[in-house]
Amino acid sequence: MKPVPDAVEIAPNTHWIGALDPSLREFDIILKTANGTTYNAYCVRGTQGVAIIDTVKASHAEEFFRRLEQVARYDEISTIVLNHLEPDHTGALPELMRRAPQAKLYISAKAQLMLKALVKNTELDYAVVETGDSVDLGGRTLRFFSTPFLHWPDTQCTLVEELGVLFSGDVFGCHFCDTRLFNDKVGDFRFSFEYYYQHIMRPFREYVLDALALLEPLSLTVIAPAHGPILRDAPKSYMQRYRQLASPLLHNEIGSNHKSLLVFYISSYGNTAQMAHAVAEGAETVTGVRVSLYDLQAMGNLPFVDLIEEADGIAFGSPTINGDAVKPVWDLLSSLAVIKVSEKLGAAFGSYGWSGEAINMIEDRLRGLKLRVPLKGVRARLIPTEGELEKCRDLGKQLAEHLTGTVERRVISLSELLAQE
Ligand code: FEO
């Protein structure tokens with residue numbers, strides 16, 4: 001592939017002035033980047049001003065300034081738009097502000113704290129914008145769309161109305177570096193687009209749908225994201241894919257008038273399994289709740305993550321081994337970072353030999369993930385007695401009642417739990 005020495009025009013008087021990072025193999029610790037990434041920044045020229053849309057990671061600032069200087073003088077820059085303030089897009093901002101001190105910054109309301117943390121300057125000249133606000137560059141109108149939580153609270157998109165070019169920040173982006181830049185020229189990057197969505201946007205799918213409602217009606221020629229290929233061929237198809245990805249993965253089984261409770265368990269000698277069946281049995285006595293029971297020993301995490309994303313409540317049964325819950329439980333719990341689980345209902349139970357710490361540990365983790373844990377879990381030493389199984393049935397029944405809203409909503413605190421030990 002040929003290098004990209006220059007700024008690249010993506011629409012009349014509108015240039016890509018970003019930076020390439022082809023050798024990056026890991027982004028923010030959590031993302032693998034087989035093809036590296038790009039930090040896309042853009043320059044829009046009007047008759048009365050020049051706007052810079054986003055900047056690049058600090059380590060790549062020189063590349064950004066070199067391309068910027070090919071299409072604009074610093075004293076022409078009237079406007080700097082920051083669609084999102086993570087350091088991969090604001091690393092070059094302090095230096096840009098030093099070189100173009102007259103430029104006014106445009107950010108979302110939620111970006112203010114970040115901006116002040118990034119630029120240690122109390123004299124900042126910035127304007128807070130929201131959906132519908134605009135900036136006139138002379139023949140080029142920048143219109144802002146507030147798209148919070150895609151994937152940070154501060155995120156927004158910016159449209160050049162006259163051109164139909166949407167600068168979308170991380171949204172519709174991916175980590176894929178290819179010097180051919182445009183989606184109709186680069187290699188097949190579909191896997192990267194999907195991977196990026198699954199890891200970055202998926203936990204915020206309700207916000208994705210809100211953003212799509214704002215953006216889908218726009219007449220677009222180009223979507224210019226902050227990472228990866230510039231989407232000029234069939235740009236709306238990427239919105240359609242986002243809509244598909246943000247829609248529930250599982251359907252037609254649980255009616256909208258039913259709540260879903262998933263009971264996961266793993267069992268060394270069948271004791272925790274007995275308890276899991278009793279929890280499920282109790283929950284099934286409540287009308288309006290669909291109960292599902294899964295043995296964690298028999299399946300990897302992937303289908304369970306999808307199921308949990310759609311569920312209203314989840315209960316985990318684990319034995320205690322060496323003072324801890326067992327690895328498959330922690331593996332599944334640690335896989336939930338890619339979905340939204342806050343406000344779901346959580347519970348724990350299990351058999352133990354000596355100390356039984358697993359239950360409290362799981363409950364604590366569920367609380368850490370912001371699930372509601374309204375009931376104290378059930379523990380049984382070795383083989384559960386009929387009385388302990390009855391407690392499990394009661395746990396299941398009460399969980400189901402919480403799901404259907406037939407009992408008063410409450411969250412039990414860790415100190416309350418410990419006091420009951
Ligand atoms: Fe590309 Fe959320 O920064």
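Counting starts at 1 for both ligands and their atoms, following the listed order. Remember, predicted model here, so these are calculated numbers, not experimental data.
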- prompt: Are side-chain N/O atoms of Tyr265 and Gln297 paired as donor and acceptor at under 3.5 Å?
  reply: no

task: Let me see the working for Glu363 and Arg379 under salt bridge (charged side-chain N to carboxylate O under 4.0 Å, His left out), right down to the final yes or no.
output: CA-CA 12 Å; Glu363 288 171 339; Arg379 305 189 312 161; over 6 Å; no

message: Restricting to ring-ring contact (aromatic ring centres under 6.0 Å, His included), what partner residues turn up for His15, sequence neighbours left out?
response: none

query: In the protein, how many N/O/S atoms are under 2.8 Å from atom 2 (Fe) of ligand 1?
result: 4

query: Would you say the side chains of Arg67 and Gln70 form a donor-acceptor pair under 3.5 Å?
result: no

query: Does any non-hydrogen side-chain atom of Ser192 lie less than 4.5 Å from one of Asn35?
result: no

- prompt: What do you reckon, is CG of Leu113 surrounded by more than 12 foreign heavy atoms closer than 6.0 Å?
  reply: no

